[in-house]
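Scroll down for the structure; my scribbles are underneath it.
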Amino acid sequence: MDIRSKRITLAPNASFRAMGEEGVILMTDSGQIYSTNASGTAFISRIIGGSSVAEAVSQMLDAFDVTEEVLLADLGDLVAFLEAEGVVVASDR
């Protein structure tokens, strides 16, 4: 999945908090907790901060020592997982 063409938002029942380089997502309706690593935290922080997916990817390429291909694959997997769990909503722009 090429997430650059998607609009990603947190689900209304999801709350995110960054703690250093890691983050936590709390599903307020169920109490389910998800943790994010440094790249997941950076991505979600940028998305909820108002960046588009393309902007977030561009900023992350500057911040992390990773190729665009690897970053897009990793973020695509993250978004697919979080979407299946109901944590984020992904839609076409």
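This one's a predicted model, so the numbers in the text were calculated from it and none came from an experiment. Index from 1, following the sequence.
Inter-residue side-chain proximity for T9 and V88 is flagged as unmet; no heavy-atom pair is nearer than 4.5 Å. Between I25 and I33 there is no side-chain heavy-atom pair separated by less than 4.5 Å. Side-chain contact between F16 and I48 is present, with at least one heavy-atom pair separated by less than 4.5 Å. Inter-residue side-chain proximity for V53 and L75 is flagged as unmet; no heavy-atom pair is nearer than 4.5 Å.
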message: One pair to check against side-chain contact (heavy atoms from CB on, under 4.5 Å): S39 and M60. What are the steps and the verdict?
response: CA-CA 8 Å; S39 60; M60 290 178 69; 4.0 Å; yes

- request: Dump the intermediate steps for side-chain contact (heavy atoms from CB on, under 4.5 Å) on L72 and T67, then the final yes or no.
  value: CA-CA 9 Å; L72 288 172; T67 66; over 6 Å; no

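Between A90 and I8 the shortest heavy-atom distance is CB-CD1, 3.6 Å. Across every non-hydrogen atom of F64 and A42, the tightest pair is CE1-CB, 3.7 Å. Shown here for M27 and G86, the closest heavy-atom pair between the two residues is CE-O, 3.4 Å. Across I47 and A56, no two heavy atoms sit closer than the pair CD1-CB, 4.1 Å. Taking each heavy atom of A63 and R46 in turn, the nearest pair found is CB-NH2, 4.3 Å.
At most 12 heavy atoms of other shown residues, nucleotides or ligands fall within 6.0 angstrom of atom CD in E21. Within a 6.0 Å radius of CG in D65, other residues, nucleotides and ligands contribute 12 heavy atoms or fewer.
Here E55 does not pair with R4 in a salt bridge; the nearest charged N to carboxylate O distance is not below 4.0 Å. In this structure, R7 does not pair ionically with D92, as no charged nitrogen and carboxylate oxygen lie closer than 4.0 Å.
At distances below 3.5 Å, not a single donor-acceptor pair connects side-chain atoms of S35 with backbone N or O atoms of V24. Side chain of S15 to main chain of L26: no donor-acceptor pair is present (N/O by atom type, distance under 3.5 Å, no hydrogens or angles). At distances below 3.5 Å, at least one donor-acceptor pair connects side-chain atoms of S45 with backbone N or O atoms of T41.
Residues L71 and L78 share a hydrophobic cluster, clusters being chains of Ile/Leu/Val/Met/Phe/Trp/Tyr side chains in contact below 4.5 Å. Side-chain heavy atoms closer than 4.5 Å link hydrophobic residues (I, L, V, M, F, W, Y) into clusters, and following such links, even through other members, never connects V89 to L10.
In this structure, the separation between CE on M19 and CZ on R17 is 8.5 Å, given to the nearest 0.5 Å. The OG atom of S51 lies 4.0 Å from the CD atom of Q59; values are rounded to the nearest 0.5 Å. From F43, atom CZ reaches atom CG of N37 across 12.5 Å, with rounding to the nearest 0.5 Å.
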